[in-house]
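Scroll down for the structure; my scribbles are underneath it.
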Protein chains: 2
Amino acid sequence: MNNEKDRVTIYQVAKAAGVSLATVSRVINKQGSVTPATRKKVEDTIASLGYRPSGLAQALATNRTTNIGVVIPSANYVYIANFLNGITDVAKEKGYSLTLFSTSHSREEALQMIEKVISSHVDGAIIFDDQLDSEDISHIASYNVPAVVIDQKVSGEKVANVLFNYDAILDQTIKRYYSRRGDKKMSFLHVHNAGRLLAHAEKKFIKAHEEMGKDYAIINCDDSYTRTYNYFCEYFKTNRKGFFIAYRDSIAAAVLNAATDSGLNVPKDVEVMSLVGTKYAHIVRPTLTTFSIDMNEVGKRAMYMLTDLLNHSLVEKTAKFDAELVRGGSTIDRSGSDPDYR
Amino acid sequence: MNNEKDRVTIYQVAKAAGVSLATVSRVINKQGSVTPATRKKVEDTIASLGYRPSGLAQALATNRTTNIGVVIPSANYVYIANFLNGITDVAKEKGYSLTLFSTSHSREEALQMIEKVISSHVDGAIIFDDQLDSEDISHIASYNVPAVVIDQKVSGEKVANVLFNYDAILDQTIKRYYSRRGDKKMSFLHVHNAGRLLAHAEKKFIKAHEEMGKDYAIINCDDSYTRTYNYFCEYFKTNRKGFFIAYRDSIAAAVLNAATDSGLNVPKDVEVMSLVGTKYAHIVRPTLTTFSIDMNEVGKRAMYMLTDLLNHSLVEKTAKFDAELVRGGSTIDRSGSDPDYR
DNA sequence: GAACTATTTGTAAGCGCTTCCAACAAAAAT
DNA sequence: ATTTTTGTTGGAAGCGCTTACAAATAGTTC
């Protein structure tokens with residue numbers, strides 16, 4: 001064992017074992033034929049010298065890094081952390097490392113990260129960003145970096161897509177709401193820069209309302225629990241009723257708590273729900289109704305698709321995840337006989 | 001712009017610009033002297049060829065990767081995500097990338113990850129693991145990988161430490177509880193494999209009780225919100241009173257919700273608090289009392305320490321974070337005149 | 001304008017590994 | 001005993017870059 005010494009190289013191992021570089025390389029890569037005797041000899045000197053192959057040099061020589069770049073807005077959202085977790089599990093199974101690129105919801109930073117991904121020489125990338133358009137992203141494909149793009153359709157030979165589908169369930173939920181006894185005005189919580197998914201849902205929300213000729217509101221709010229909570233505490237001083245749809249459940253939780261803390265009853269006076277559902281939705285009381293997609297599964301799926309892409313064995317280049325309605329106590333169940341509604 | 005072509009190398013740039021490799025290298029690294037005229041010429045051909053230096057080759061040649069390895073149990077905990085977020089911010093500021101190594105709370109995997117960190121040729125590492133002992137970790141230092149170790153004292157020339165201090169506040173809180181009107185039996189929620197921090201706190205908890213001659217309980221529970229919630233729903237059928245200390249706030253939230261949902265009053269019948277405090281603590285009702293440390297700050301600090309370590313400018317090799325008592329409504333405030341206790 | 005210095009550029013040797021190809025030895029076939 | 005086949009090794013080039021060091025050019029000074 002060497003302590004505080006310079007890195008042991010394959011050359012030193014070869015010398016110590018009395019063989020050539022090539023032979024050592026063969027035993028560490030377990031390929032090519034080596035006599036059991038010499039293999040053992042080499043393995044022993046590797047162990048006694050404490051040799052570790054340099055991933056860098058290997059990568060340069062083989063043109064494979066076994067490294068995947070992951071582009072996300074920030075690790076600080078639970079749904080992103082879930083997504084990351086899914087990726088991590090599969091990456092470990094498949095022997096890949098992950099390099100994180102976080103864009104902080106800024107288009108500029110996102111572009112910069114894409115550049116970084118390209119020069120960082122990753123074998124592939126998973127891109128879950130909400131600021132770039134498909135042209136920005138297809139740029140990465142032109143540099144021969146296989147990529148799986150989340151929540152966006154980007155085409156290219158080495159690009160696969162994971163798409164979310166909130167449309168159907170959102171539309172259906174809104175229409176059912178009005179067709180039963182929906183007596184509250186619906187509001188959609190708009191968050192600046194929250195990205196495509198939200199923007200798309202917002203459009204659907206508006207469209208559904210216009211189709212039904214119903215009045216609605218768009219409320220601008222902050223992507224922060226505390227600020228949203230404070231805002232709604234103020235809001236509920238004058239507005240004592242409403243149905244709110246937020247992007248993330250932690251924002252919905254802010255509305256819910258503000259309502260409860262303002263002496264309102266959820267769901268009688270105020271109904272709330274969100275698109276993204278994480279553990280927050282289960283922890284609040286009443287629990288939150290969400291249109292949910294399991295982000296852990298999305299991460300896993302994305303990583304599987306990427307490894308298939310790298311092995312040229314990916315057949316279906318687009319995966320679609322349909323949001324499911326997960327009922328909580330924050331809305332009134334309007335299905336069937338409405339047992340909860342008195 | 002080249003599309004779908006092989007990587008453009010520095011050699012091609014040199015040739016196209018009619019200069020030598022060395023000159024191109026000088027302009028991309030902005031060092032050594034180059035005539036403005038040739039610089040421009042080179043920059044132009046770089047742009048027109050769409051050349052990007054290979055980080056890999058640079059790293060191999062300079063022996064610097066500008067890459068930091070981050071070892072964590074899992075990204076799926078909010079406090080870890082917060083920590084990661086702090087690291088990310090500083091890393092971006094300092095121009096480092098992050099490679100993630102997740103150990104899944106397994107000692108075996110953790111050891112494996114340490115090996116990976118070593119051969120991945122990172123410039124440094126931040127290690128927040130709960131399974132390894134200091135000997136395991138000091139192993140990494142012997143391979144000349146500068147490291148900042150979280151929540152553990154590891155010594156070595158190139159090792160720095162970030163330590164947490166829950167002892168004082170925990171001891172003080174327990175003793176104050178009994179010296180005022182603490183009438184409920186205290187229980188500590190033990191989670192298998194949750195690591196050092198918890199184990200240490202548990203010891204302190206027991207010690208404080210023995211010093212005061214008070215009865216206490218250790219409850220084994222799962223590191224999962226749902227399972228803990230179910231367990232305590234059962235538990236509260238027969239036990240209608242108690243003071244519970246959990247490790248993470250989401251576990252504490254499970255106890256809190258189970259109590260409320262069982263018709264108990266928090267904090268009158270059941271008091272709950274946790275060591276780690278995240279957004280969960282603010283979202284539940286009543287809010288949770290926690291012994292909190294701002295993990296985002298911990299991440300930032302760790303990364304600053306690491307960059308200083310890499311620049312040989314780190315003076316204080318140990319940083320200590322004291323946990324603060326953050327009062328929520330899940331416990332009865334026993335300071336002063338106990339206004340909430342009627 | 002010669003002698004010298006400062007600045008800009010090119011040459012070539014690595015960084016630590018893989019891998020093709022040739023060389024050789026041992027086993028099998030004739 | 002000789003040729004062919006199979007299996008095991010070593011030599012050497014190359015992955016894309018950096019960086020002494022040498023060479024060449026331009027700029028000073030007397």
Side-chain angles (χ1 to χ4, degrees), chain A residues 2 5-43 45-46 49-67 118-123 143-145, chain B residues 2 5-43 45-46 49-67 118-123 143-145:
Chain A
N2 76 321
K5 303 280 282 180
D6 283 342
R7 180 167 216 115
V8 181
T9 72
I10 196 173
Y11 180 76
Q12 298 170 36
V13 175
K15 195 167 170 188
V19 296
S20 76
L21 291 195
T23 303
V24 179
S25 176
R26 275 178 207 111
V27 350
I28 61 186
N29 294 307
K30 301 180 197 304
Q31 61 169 249
S33 42
V34 182
T35 305
T38 52
R39 153 159 292 125
K40 170 135 181 39
K41 192 168 56 178
V42 172
E43 278 169 349
T45 61
I46 284 177
L49 261 49
Y51 166 75
R52 265 165 193 64
S54 156
L56 227 52
Q58 292 187 124
L60 187 60
T62 56
N63 201 28
R64 282 196 70 219
T65 55
T66 65
N67 221 288
I118 294 172
S119 53
S120 74
H121 236 299
V122 292
D123 287 350
Y143 280 95
N144 254 334
V145 180
Chain B
N2 75 321
K5 302 281 282 181
D6 283 343
R7 183 170 214 108
V8 181
T9 72
I10 196 173
Y11 180 73
Q12 298 171 37
V13 174
K15 193 167 175 186
V19 296
S20 76
L21 291 195
T23 303
V24 179
S25 176
R26 276 179 205 110
V27 351
I28 63 184
N29 293 306
K30 300 179 198 304
Q31 61 170 248
S33 42
V34 183
T35 303
T38 51
R39 153 158 292 127
K40 172 136 181 36
K41 193 168 55 179
V42 172
E43 279 169 349
T45 59
I46 285 178
L49 260 53
Y51 166 74
R52 269 170 188 59
S54 155
L56 226 52
Q58 293 186 123
L60 187 59
T62 57
N63 201 29
R64 284 196 67 218
T65 54
T66 65
N67 221 288
I118 293 171
S119 54
S120 74
H121 239 297
V122 292
D123 287 349
Y143 280 96
N144 255 336
V145 181

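Numbered from 1 within each chain, the chains take letters A, B, ... in sequence-line order.
Nearest heavy atom pair, residue A:Val8 against residue A:Leu49, reads CG2-O, 3.5 Å. Closest approach of A:Lys41 and A:Ala17 over heavy atoms only: CE-O, 3.5 Å.
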Close N or O pairs between protein and nucleotides 16-21 of chain C (under 3.5 Å):
{"unit_1": "C:dG16", "atom_1": "N2", "unit_2": "A:Ala57", "atom_2": "O", "d": "3.4"}
{"unit_1": "C:dC17", "atom_1": "OP1", "unit_2": "A:Tyr51", "atom_2": "OH", "d": "2.6"}
{"unit_1": "C:dC17", "atom_1": "OP1", "unit_2": "A:Ser54", "atom_2": "N", "d": "2.9"}
{"unit_1": "C:dC17", "atom_1": "OP2", "unit_2": "A:Ile10", "atom_2": "N", "d": "2.3"}
{"unit_1": "C:dT18", "atom_1": "OP1", "unit_2": "A:Asn29", "atom_2": "OD1", "d": "3.2"}
{"unit_1": "C:dT18", "atom_1": "OP1", "unit_2": "A:Asn29", "atom_2": "ND2", "d": "2.8"}
{"unit_1": "C:dT18", "atom_1": "OP1", "unit_2": "A:Gln58", "atom_2": "OE1", "d": "3.0"}
{"unit_1": "C:dT18", "atom_1": "OP2", "unit_2": "A:Ser25", "atom_2": "OG", "d": "2.7"}

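Taking only side-chain nitrogens and oxygens, A:Thr38 comes nearer than 4.0 Å to OP1 or OP2 of D:dT9. For D:dG7, neither phosphate oxygen OP1 nor OP2 lies less than 4.0 angstrom from any side-chain nitrogen or oxygen of A:Ser33.
For B:Arg26, there are no salt bridge (charged side-chain N to carboxylate O under 4.0 Å, His left out) partners at least two apart in sequence or on another chain. For A:Asn63, the side-chain contact (heavy atoms from CB on, under 4.5 Å) test picks out A:His121, with sequence neighbours left out. Every residue meeting the side-chain contact (heavy atoms from CB on, under 4.5 Å) condition with B:Ser20, not counting sequence neighbours, appears here in chain and number order: B:Ala22, B:Thr23. The side-chain contact (heavy atoms from CB on, under 4.5 Å) check on B:Ile10 picks up B:Leu21, B:Val24, B:Ser25, B:Ile28, B:Tyr51, with sequence neighbours excluded.
The backbone N or O of B:Ala37 sits nowhere less than 3.5 Å from a side-chain atom of B:Thr35 that would complete a donor-acceptor pair. Distance alone, capped at 3.5 Å, is enough to place a donor-acceptor pair between the A:Asp123 side chain and the A:Thr65 backbone.
Helix bend of the helix from C:dG1-D:dC30 to C:dT30-D:dA1: the angle between its two end axes, each built from five pairs, comes to 40° after rounding to 10°.
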